[in-house]
J.: 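This structure is in structure tokens; I'll ask about it shortly.
Remember, it's 1-based here, ligands and their atoms both numbered in the order they're listed. Computed from a prediction, not measured in an experiment: that's the story for all the values here.
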Amino acid sequence: MKADIGLIGLAVMGQNLVLNMNDHGFKVAVFNRTTSVVDEFLAGPAADTEVVGTHSLEELVDSLSSPRIVMLMVKAGEVVDQYIDKLVPLLSAGDIIVDGGNSLFTDTNRRTQALAAQNIYYIGTGVSGGEEGARHGPSIMPGGNPAAWPTVKPIFQAISAHVNNDPCCEWVGDNGAGHYVKMVHNGIEYGDMQLICEAYKLLSDGLGLSADQLHSIFADWNQGVLSSYLIEITAAIFAYKDEDGLPLVDKILDTAGQKGTGKWTGINALDLGIPLTLIGESVFARCLSAQKDERVKAAGVLPKRPATAFTGDQAAMISAIHDALYAAKIISYAQGFRLMREASKEYNLSLNYGEIALMWRGGCIIRSQFLNDIKQAYDANPALENLLLADFFAEAMGKADAGWRKAIILGIEQGIPTPAFSSALAYYDGYRTERLPANLLQAQRDYFGAHTYERTDKPRGEFFHTDWTGHGGKTASTTYTV
Ligand code: 6PG
């Protein structure tokens with residue numbers, strides 16, 4: 001009997017997806033560039049399964065039933081193109097190539113179109129959930145050539161996570177839509193992680209709490225509105241002791257790595273002109289953490305942070321930090337969904353925000369209770385401009401406002417950086433301000449460059465230029481804006 005699907009790339013995600021598919025009754029053929037990995041996989045984790053090992057791409061393709069589905073779980077970038085080039089001559093019209101890595105959505109746009117011209121259907125899919133997710137149910141975000149979806153749908157929806165029997169996998173849209181949504185997911189993941197790290201620093205350095213106390217606080221927060229996978233693992237991390245009985249987290253070097261998806265999200269937000277400040281700050285916070293040697297030097301040169309021990313009501317401050325985390329998280333998702341809204345328009349993606357929230361509700365790294373509230377907000381109003389305008393979130397912001405500010409003030413007073421908490425608040429205060437100081441900015445642009453301005457007492461679209469100095473010209477610059 002031929003295999004239902006072929007998978008190339010037996011690193012941790014690839015191996016676990018194969019085992020997951022096997023568990024669900026699909027016959028999987030596998031290939032890996034270093035072919036000894038195929039044999040080790042078959043002798044080890046895949047022993048006693050139906051998985052078929054192959055040692056060449058020809059053998060892999062020959063082992064598949066038609067239409068063939070070949071899934072790539074390889075490093076994003078050139079490697080994907082190299083495999084596509086090698087596979088195409090071996091495949092027939094109507095066969096499907098799926099890329100399950102973290103590819104840049106513009107690469108997926110290009111590949112989907114190039115392959116459609118050769119009658120090969122292409123799917124670029126986000127797969128989230130790490131090792132555990134891949135093995136027992138990831139969140140899967142497929143996009144690409146819709147003609148391929150009915151063929152892969154039964155496999156993907158069977159192996160994905162489910163919440164209340166709904167699969168955390170739905171067709172996202174044409175071309176790079178799946179990888180676009182996965183990119184934003186990862187940006188939000190960066191934001192969630194940074195927010196938790198800021199809460200940690202305020203609690204540990206600001207309030208002087210121990211890892212064991214942090215464990216209890218995060219375990220407690222995981223029972224309420226912040227309930228999520230990342231809060232849950234954070235609680236577990238604080239409880240984890242090294243061999244000497246001390247918390248392992250205290251011994252980990254404070255330099256963050258990153259593979260680039262958060263940065264791509266930030267770049268895309270700049271391209272589309274959408275404020276995505278919290279994710280941007282989260283990427284930069286990782287960059288600053290990576291400048292370890294320079295920071296150590298600066299710590300020796302610059303004045304020490306104000307060492308004022310906290311003397312207030314500790315429980316009230318813990319609750320304020322909770323509220324700061326919740327409010328800033330709402331801002332992060334509001335910004336992320338706002339970005340997707342713009343992308344949907346700009347790239348014609350027809351994204352369904354409620355479906356996206358549903359796909360992220362289970363299986364993925366940012367899975368949480370909270371995504372349910374987002375789903376409900378979009379169910380109530382699919383055309384919602386910004387999550388902050390939904391009654392539920394507007395009310396939540398009102399409740400968290402005071403604590404959020406208190407937590408940031410603690411950071412300011414004690415010299416503890418809270419870039420994500422603070423930039424989220426700056427966005428919030430800006431978003432709900434009717435009149436920002438951009439009137440002055442426009443005056444400055446007109447003063448030095450005759451860039452013109454609109455007036456509050458004239459209709460929109462009429463542009464004015466003033467000769468501010470009395471010796472400027474009357475010619476205005478063009479009014480185009482990017
Ligand atoms: C997921 C994750 C995953 C990502 C890692 C590492 O959804 O399962 O987003 O796709 O690759 O979390 O990302 P960074 O190295 O950029 O932190």
J.: One pair to check against side chain to side chain donor-acceptor pair (under 3.5 Å): D107 and S103. What are the steps and the verdict?
T.: CA-CA 7 Å; D107 284 342; S103 291; 5.9 Å; no
J.: Out of the candidates D39, T35, N32, only one should pair with H55 under the side-chain hydrogen bond (donor to acceptor under 3.5 Å, both in side chains) rule; please name it.
T.: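 Answer to the side-chain hydrogen bond (donor to acceptor under 3.5 Å, both in side chains) test with H55 among D39, T35, N32: D39.
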J.: Looking at K86, I'd like to know if its NZ atom is crowded, meaning that more than 12 non-hydrogen atoms belonging to other residues, nucleotides or ligands lie closer than 6.0 Å.
T.: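 Counting other residues, nucleotides and ligands, NZ of K86 exceeds 12 neighbours.
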J.: Quick check for students: name every N or O atom pair between ligand 1 and the protein closer than 3.5 Å, with distances.
T.:
from, atom 1, to, atom 2, distance (Å)
ligand 1, 7 (O), S128, OG, 2.4
ligand 1, 7 (O), K182, NZ, 3.2
ligand 1, 8 (O), S128, OG, 3.4
ligand 1, 8 (O), G129, N, 3.0
ligand 1, 8 (O), G130, N, 3.3
ligand 1, 9 (O), K182, NZ, 3.4
ligand 1, 9 (O), N186, OD1, 2.9
ligand 1, 9 (O), N186, ND2, 3.2
ligand 1, 9 (O), E189, OE1, 2.6
ligand 1, 9 (O), E189, OE2, 3.2
ligand 1, 10 (O), N102, ND2, 2.9
ligand 1, 10 (O), K182, NZ, 2.8
ligand 1, 11 (O), N102, ND2, 3.2
ligand 1, 12 (O), E189, OE2, 2.7
ligand 1, 15 (O), K259, N, 3.2
ligand 1, 16 (O), Y190, OH, 2.5
ligand 1, 16 (O), K259, N, 2.8
ligand 1, 17 (O), R286, NH1, 2.8

J.: What residue among T125, T261, N102, T108 forms side-chain hydrogen bond (donor to acceptor under 3.5 Å, both in side chains) with K182?
T.: N102
J.: Give a yes/no verdict on a cation-pi contact between K329 and Y326, requiring under 6.0 Å between NZ or CZ and the six-membered ring centre and an angle within 45° of the axis.
T.: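 So K329 doesn't make the cation-pi contact.
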J.: Test F370 against every option in F393, F392, W360, Y229 by the ring pair (Phe, Tyr, Trp, His ring centres under 6.0 Å) rule and name the one that passes.
T.: F393
